[in-house]
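Written below as structure tokens is the structure these notes are about.
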Amino acid sequence: QVQLVESGGGSVQAGGSLRLSCAASGRTSSAKAMAWFRRAPGKEREFVAGITWSGSSTRYADSVKGRFTISRDNAQNTMYLQMNSLKPEDTAVYYCALKTLRVPQTLSAGYDYWGQGTQVTVSI
């Protein structure tokens, strides 16, 4: 059993920055990777960025490459998403997720645990 809690969402102007945090607790020993997904109005949930449990590798959606950075603090079991140069199209509910199975990182259905989501709103 794993619990994930996101924080750090809010409203910013285009070009601004925001850092999201995801605190993981419970039995994380089987974790393979963590990721951030988002769901924008009128769109399906999409992969944003992922990181292996060890933090040894990362992956990003093309739309956020060069702007977002995913990282982990293993000592605190916390994952971060540093979002820079935010655009209005980044507006969405962002979800933290953790998977224990060896499935593609970008597949939302492959993740076992999800946070409650945190709203990010980017205004012009």
Side-chain angles (χ1 to χ4, degrees):
Q1 185 67 34
V2 176
Q3 296 79 44
L4 303 174
V5 180
E6 301 104 330
S7 62
S11 298
V12 297
Q13 291 187 323
S17 298
L18 203 62
R19 188 171 84 154
L20 306 182
S21 298
C22 174
S25 61
R27 292 187 172 183
T28 60
S29 60
S30 297
K32 301 299 181 185
M34 295 182 73
W36 291 97
F37 288 80
R38 68 186 181 187
R39 177 171 286 170
K43 296 183 178 181
E44 295 184 344
R45 185 174 299 184
E46 65 176 348
F47 174 82
V48 176
I51 187 168
T52 55
W53 185 247
S54 66
S56 61
S57 65
T58 59
R59 185 173 181 176
Y60 298 91
D62 289 341
S63 60
V64 306
K65 286 181 179 178
R67 299 189 298 119
F68 291 10
T69 302
I70 189 171
S71 62
R72 286 200 65 232
D73 180 346
N74 290 329
Q76 300 295 320
N77 272 356
T78 303
M79 177 176 67
Y80 304 96
L81 183 67
Q82 178 65 48
M83 304 184 292
N84 298 324
S85 301
L86 284 162
K87 304 175 180 179
E89 51 262 45
D90 293 318
T91 295
V93 176
Y94 284 71
Y95 297 89
C96 170
L98 180 151
K99 70 182 183 75
T100 62
L101 303 176
R102 294 187 180 278
V103 296
Q105 288 190 42
T106 60
L107 182 64
S108 63
Y111 286 77
D112 309 78
Y113 304 97
W114 294 83
Q116 80 286 355
T118 185
Q119 177 70 48
V120 171
T121 301
V122 184
S123 62
I124 299 174

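By convention here, the first residue in the shown sequence is residue 1.
For the atom pair OG1 (Thr118) and CZ (Arg38), the distance works out to 14.0 Å, reported to the nearest 0.5 Å. Residue Asp90 holds its CG atom at 11.0 Å from OG1 of Thr121, rounded to the nearest 0.5 Å. Distance check, rounded to the nearest 0.5 Å: CD1 of Ile70 to CD of Gln82 gives 12.0 Å.
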Could you give the side-chain donor-acceptor pairs of residues 8-35 under 3.5 Å, partners two or more places apart or in another chain?
{"unit_1": "Ser17", "atom_1": "OG", "unit_2": "Asn84", "atom_2": "OD1", "d": "2.9"}
{"unit_1": "Ser25", "atom_1": "OG", "unit_2": "Gln3", "atom_2": "OE1", "d": "3.3"}

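Annotation for Glu44: atom CD does not count as buried by contact number, only 12 or fewer foreign heavy atoms lying within 6.0 Å. Within a 6.0 Å sphere centred on CZ of Arg59, other residues, nucleotides and ligands contribute 12 heavy atoms or fewer.
For the pair Val122 and Glu89, the minimum side-chain heavy-atom distance is 4.5 Å or more. Within the 4.5 Å cutoff, no side-chain heavy atoms of Tyr60 are placed close to those of Ile51. Between Thr69 and Tyr80, the closest side-chain pair of non-hydrogen atoms is not below 4.5 Å. Between Tyr94 and Glu6, every side-chain heavy-atom pair lies at or beyond the 4.5 Å cut-off. Using a 4.5 Å heavy-atom threshold, the side chains of Met79 and Asp73 count as separate. The shortest distance between side-chain heavy atoms of Phe68 and Trp36 does not fall below 4.5 Å. A heavy-atom distance below 4.5 Å is not found between the side chains of Met83 and Arg67.
When atom types are taken as modelled, the side chain of Ser57 and the backbone of Thr52 share no donor-acceptor pair closer than 3.5 angstrom.
In terms of heavy atoms, Gly117 sits closest to Tyr95 at CA-CD2, 3.6 Å.
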Test log, rule side-chain contact (heavy atoms from CB on, under 4.5 Å), inputs Tyr111 and Gln105: CA-CA 8 Å; Tyr111 286 77; Gln105 288 190 42; 3.7 Å; yes
Derivation of the salt bridge (Lys or Arg N to Asp or Glu O under 4.0 Å) call for Lys65 and Asp62: CA-CA 5 Å; Lys65 286 181 179 178; Asp62 289 341; 3.0 Å; yes
Pair Leu4-Leu98, side-chain contact (heavy atoms from CB on, under 4.5 Å): steps then yes or no: CA-CA 8 Å; Leu4 303 174; Leu98 180 151; 4.0 Å; yes
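Think of Val103 as one node in a network of Ile, Leu, Val, Met, Phe, Trp and Tyr side chains linked at under 4.5 Å; its network also takes in Leu101.
Each of Trp114 and Leu81 belongs to its own hydrophobic cluster when Ile, Leu, Val, Met, Phe, Trp and Tyr are linked at side-chain heavy-atom distances under 4.5 angstrom.
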